[in-house]
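Letters A, B, ... mirror the listed sequences (proteins, then strands); counts begin at 1. When reading the values below, keep in mind they use all heavy atoms of this one structure, side chains included, and skip hydrogens, waters and symmetry mates.
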Number of protein chains: 2
Amino acid sequence: MTTTEDARDKVERKRRMPRAERERQMVAVAEEIFAERGYLAASMDEIAERCGVSKPMIYEYFGSKEGLLIACIRQARTELVNSISQSVVGAEEAEDALRRAARAFFEFTDGHRRAWSLLLINEAAVAGPAALDEIEAVRQEQVELDIALFSAFLPDTPRRDLEVAAQIVVGACERLSLWYVAQEDVSAEEAADYLMRMLWSGVAAMVHPRETPGDTRPHG
Amino acid sequence: MTTTEDARDKVERKRRMPRAERERQMVAVAEEIFAERGYLAASMDEIAERCGVSKPMIYEYFGSKEGLLIACIRQARTELVNSISQSVVGAEEAEDALRRAARAFFEFTDGHRRAWSLLLINEAAVAGPAALDEIEAVRQEQVELDIALFSAFLPDTPRRDLEVAAQIVVGACERLSLWYVAQEDVSAEEAADYLMRMLWSGVAAMVHPRETPGDTRPHG
DNA sequence: GGAAGTAACCTACTCGCGGTAAGGTTGACT
DNA sequence: AGTCAACCTTACCGCGAGTAGGTTACTTCC
């Protein structure tokens with residue numbers, strides 16, 4: 001019969017796909033369902049069904065529910081890193097670079113809420129240690145990025161001071177992003193400005209501790 | 001038979017307990033198992049067994065696994081709030097109060113790791129929206145505490161500025177606490193000093209924005 | 001065109017765990 | 001002694017993660 005299928009011309013339903021393409025689709029669908037129902041409430045059967053495929057296919061490609069989550073996290077991480085990396089090219093001093101990076105970060109969290117919710121550790125620890133490690137790796141990457149950024153523009157500063165500054169910046173960004181997406185009248189740029197107003201003087205003071213009045217430094 | 005039981009004199013095993021006491025025991029055991037295995041891997045049967053009781057008792061008292069988790073979170077929250085509240089009595093200016101609060105916070109996260117791991121949202125979002133709300137309530141309480149602390153010592157500052165400052169402080173504390181417990185040669189006091197060095201000048205500048213050179217405030 | 005090989009896919013199952021129904025035991029108070 | 005309530009148990013259900021084993025369709029080579 002020439003008409004190989006009957007009503008199957010309906011926008012290419014039930015197509016067979018090569019592995020790479022199917023994997024991409026599965027990750028996209030999973031990201032959506034994880035974000036919408038939460039990791040626990042999301043069922044593998046539902047994800048499979050929305051892919052137009054049966055459950056064992058997902059296990060074939062990703063091994064486990066946690067494996068699928070990790071794939072989603074990895075993708076979100078890549079997107080985030082790309083956004084931030086692109087935002088800092090062209091910056092000529094540390095302050096400018098940090099402001100740009102912060103702005104890109106806030107824009108990302110606002111625009112890619114699904115992806116961001118996966119990175120928020122919210123849905124991770126549930127799945128086992130591997131997913132948690134994956135999330136911590138994302139944060140550590142942020143920290144390293146900040147350290148690189150500081151030390152590139154402001155050398156000869158103790159590693160530990162850089163690390164502390166970076167940890168604080170990352171923590172502040174994370175919390176501030178949650179606050180800012182809840183406010184309707186605050187833009188990513190304003191959020192970044194708030195952050196810089198609060199943090200930059202401290203970063204600068206820590207990084208080259210000169211001419212800081214009323215400075216009560218800890219010990220050494 | 002006078003010997004009502006045989007080998008039951010072994011440190012009061014299988015005693016009957018009044019509800020309040022049993023509930024306390026269950027929360028203590030659950031906190032331990034949640035922290036040690038993670039929420040998902042922790043089984044209600046195991047918790048029941050370690051309590052020397054059968055599973056339906058837990059459901060009788062806490063309704064669900066999530067309910068038990070929430071009870072644990074509430075208790076950890078109470079302990080944390082008590083620690084911080086006590087630490088700030090006697091402070092006479094905002095800077096001192098914030099430093100004491102930060103120090104108490106770091107000491108708590110180091111000393112009560114089990115309790116703290118529950119508050120770290122790590123184990124929460126898994127359980128459903130209620131547990132997540134419970135965790136967010138803890139953070140919001142921290143934020144309110146900071147706002148109260150700032151505004152008590154430094155009045156006539158826009159509410160929004162206080163809120164931003166508080167969010168940043170909370171985020172920074174959270175991240176810094178994770179960093180500091182991993183370092184063996186950093187005390188809670190030093191961590192608090194780091195925090196103050198990085199943040200205080202920004203907080204002070206935001207709270208009364210005078211004589212801040214190069215100040216590019218956002219918009220209004 | 002057809003056999004052979006392989007990549008994509010499915011049906012039908014097991015099993016562990018959260019949650020529950022229905023009933024048993026113990027002690028306090030009359 | 002009898003009763004009532006609080007404490008506690010055994011024995012089950014259903015759902016969803018994960019799997020064993022077979023089927024379909026596309027490519028390749030003659």
Side-chain angles (χ1 to χ4, degrees), chain A residues 1-6 8 12-27 29-30 33-34 36-72 123-124 126-131, chain B residues 1 4-5 8 12-27 29-30 33-34 37-72 123-124 126-131:
Chain A
M1 33 195 88
T2 53
T3 60
T4 22
E5 283 133 34
D6 295 333
R8 287 297 155 72
E12 65 155 342
R13 294 281 304 170
K14 284 283 180 181
R15 223 183 85 229
R16 268 195 182 205
M17 289 183 191
R19 173 162 184 158
E21 188 182 351
R22 184 65 84 190
E23 280 182 356
R24 257 176 281 132
Q25 182 205 18
M26 285 171 175
V27 167
V29 169
I33 296 194
F34 285 153
E36 138 187 336
R37 301 233 195 301
Y39 179 81
L40 257 201
S43 91
M44 294 296 270
D45 286 292
E46 182 183 359
I47 295 173
E49 192 187 0
R50 276 214 219 171
C51 290
V53 145
S54 71
K55 197 170 49 169
M57 288 306 301
I58 307 182
Y59 283 90
E60 175 75 22
Y61 292 161
F62 295 97
S64 67
K65 192 178 182 181
E66 183 180 11
L68 181 58
L69 175 64
I70 289 177
C72 293
E123 308 298 339
V126 64
Chain B
M1 28 196 86
T4 21
E5 281 132 36
R8 287 296 156 73
E12 66 155 343
R13 296 277 305 168
K14 282 285 183 180
R15 222 184 87 229
R16 271 197 177 204
M17 289 183 193
R19 174 165 184 157
E21 188 181 351
R22 185 67 84 190
E23 279 182 358
R24 256 175 281 133
Q25 183 205 19
M26 285 171 174
V27 167
V29 169
I33 297 193
F34 284 152
R37 302 234 194 299
Y39 179 81
L40 257 201
S43 90
M44 292 298 269
D45 286 293
E46 183 184 358
I47 295 173
E49 191 186 2
R50 276 215 220 170
C51 289
V53 143
S54 71
K55 197 170 48 167
M57 287 308 301
I58 308 182
Y59 283 90
E60 175 75 21
Y61 292 162
F62 295 97
S64 67
K65 192 179 183 182
E66 184 181 11
L68 181 58
L69 175 64
I70 289 177
C72 292
E123 309 297 338
V126 62

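Taking the nucleotide of DNA chain C with the nearest heavy atom to each of Asp45(B) and Arg16(B), the more 5' of the two is matched to Asp45(B). With DNA chain D read from its 5' end, the first of the two nearest nucleotides for Met57(B) and Ala42(A) is the one closest to Met57(B). The residue among Ser43(B) and Lys55(A) whose nearest nucleotide of DNA chain C is located toward the 5' end is Lys55(A).
Look at CD on Glu46(B): it is 15 Å from C1' on dG18(C), rounded to the nearest Å. For the pair Arg22(A) CZ and dC26(D) P, the interatomic distance rounds to 13 Å; values are reported in whole Å. As a whole-Å value, the separation of Glu60(B) CD from dA22(C) P is 15 Å. For Phe62(A) and dA8(C), the CZ to P distance is 13 Å, given to the nearest whole Å. Residue Lys65(A) contributes atom NZ, which lies 4 Å from atom P of dA17(D) at whole-angstrom precision. Going from atom CG of Leu69(B) over to atom C1' of dC17(C) covers 17 Å, rounded to whole Å. Atom CD of Glu49(A) and atom P of dC9(C) are 16 Å apart (whole Å). Regarding Glu21(A), its CD atom lies at a distance of 10 Å from the P atom of dC9(C), rounded to whole Å.
Rounded to the nearest 0.5 Å, atoms CE (Met17(B)) and CD (Gln25(B)) are 4.0 Å apart.
Distances were taken from every side-chain heavy atom of Tyr59(B) (C-beta onward) to each of dG18(C), dA8(C), dC7(D); the shortest belongs to dG18(C).
Because its NZ or CZ atom is not both nearer than 6.0 Å to the ring centre of Tyr59(A) and within 45° of the ring axis, Lys65(A) does not count as a cation-pi partner of that residue.
Ala48(A) and Ser54(A) make their closest contact through CB-C, 3.8 Å (heavy atoms, listed as atom of the first residue, atom of the second, distance). The two residues Phe62(A) and Val27(A) come nearest to each other via the heavy atoms CZ-CG2, 3.8 Å.
Look at Glu21(A) and Arg15(A) and you find a salt bridge, because one of the NZ, NE, NH1 or NH2 atoms lies within 4.0 Å of a carboxylate O, short of that distance.
Nucleic acid contact for Tyr61(B): sugar-phosphate only, since backbone atoms but no base atoms lie under 4.0 Å from a heavy atom of the residue. Using a 4.0 Å heavy-atom cutoff across all strands shown, Pro56(A) reaches at least one base atom of the nucleic acid.
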